[in-house]
Amino acid sequence: MAAEDGCVFCGIVTGDIPAEVVRIGQRVIAFRDLNPQAPLHVLVIPRDHHRDVPALAAADPQALAELVEVGAGLAAAEGGAGAFRMVFNTGAESGQSVFHVHGHVLAGRPFGWPPG
């Protein structure tokens with residue numbers, strides 16, 4: 001498993017940092033967001049460290065596919081009507097604050113457009 005020293009999400013993957021884990025897959029792990037913005041708000045991350053979604057897509061497209069599948073499955077199981085939003089922030093200017101790719105899966109309430 002590729003990890004990066006000091007990465008909080010790598011620490012969650014290794015179990016060194018506690019999180020409310022809701023799903024563990026072959027290549028990904030999902031856990032509840034500490035500051036939920038919807039009734040369902042989980043983060044789905046690859047076990048291996050990749051800075052952002054383009055880096056993950058280039059290095060391990062199967063992990064990206066599993067990340068999306070796990071997010072959709074959690075939304076279907078816990079989100080109510082099956083509608084959900086999945087968000088990947090890429091770069092500090094877009095709001096990425098942890099530079100280990102993560103998909104925010106939000107469901108259980110209506111969402112407007114444009115976001116933010």
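Every value quoted in this text rests on a predicted model; they were computed, and no experiment measured them.
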Of all the heavy-atom pairs spanning S94 and G91, show the shortest one and how long it is. OG-O, 2.8 Å
Say whether V21 and F9 are linked into one hydrophobic cluster, either directly or through other cluster members, by side-chain heavy-atom distances under 4.5 angstrom. yes
So, taking the atom named NE2 in H41 and the one named CG in N35, what distance separates them when rounded to the nearest 0.5 Å? 8.0 Å
In Å, rounded to the nearest 0.5 Å, how long is the span from CZ of R85 to CZ of R109? 7.5 Å
Rounded to the nearest 0.5 Å, what's the gap from CD1 on I29 to CG on L43? Could you check? 11.0 Å
Would you say L56 ends up clustered with F88 if hydrophobic residues are merged whenever their side chains have heavy atoms under 4.5 Å apart, either directly or through other cluster members? yes
Non-hydrogen side-chain atoms of T90 and P54 separated by less than 4.5 Å: yes
Heavy-atom pair with the smallest gap, counting every atom of M86 and G71: CE-CA, 3.7 Å
Indicate, with yes or no, if V53 and V44 share a hydrophobic cluster defined by side-chain heavy-atom contacts under 4.5 Å among Ile, Leu, Val, Met, Phe, Trp and Tyr. yes
Would a hydrophobic clustering, with Ile, Leu, Val, Met, Phe, Trp and Tyr connected at side-chain separations under 4.5 Å, put V42 with L106? no
Pairwise distance CZ(R47) to OG1(T14) - rounded to 0.5 angstrom: 11.0 Å
In terms of hydrophobic clustering (I, L, V, M, F, W, Y; side-chain heavy atoms under 4.5 Å; direct or indirect links), are F84 and V22 co-clustered? yes
Here the pair of heavy atoms bringing A3 nearest to C10 is CA-SG, 3.7 Å
Looking at R51, is its backbone amide N or carbonyl O close enough to the side chain of E4 to form a donor-acceptor pair, meaning the two atoms are under 3.5 Å apart? no
Atom CG of L67 and atom CZ of R27: how far apart are they, to the nearest 0.5 Å? 12.0 Å
Minimum heavy-atom distance V70-A30, with the two atoms named: CG1-CB, 4.2 Å
Between V13 and H49, is any pair of side-chain heavy atoms under 4.5 Å apart? no
Inter-residue atom distance E20.CD - L34.CG, 0.5 Å rounding: 9.5 Å
Of all heavy-atom pairs between A63 and V28, which one has the smallest distance, and what is that distance? O-CG1, 3.8 Å
Might you point out which heavy atoms bring A75 and L40 nearest each other, and give the distance in Å? CA-CD2, 3.7 Å
Start with the C-alpha gap between R23 and E78, add the side-chain angles, then the distance that decides, and say whether salt bridge (Lys or Arg N to Asp or Glu O under 4.0 Å) holds. CA-CA 12 Å; R23 186 78 49 92; E78 297 186 32; 5.8 Å; no
For residues H100 and H102, establish whether the separation of their ring centroids is below 6.0 Å. no
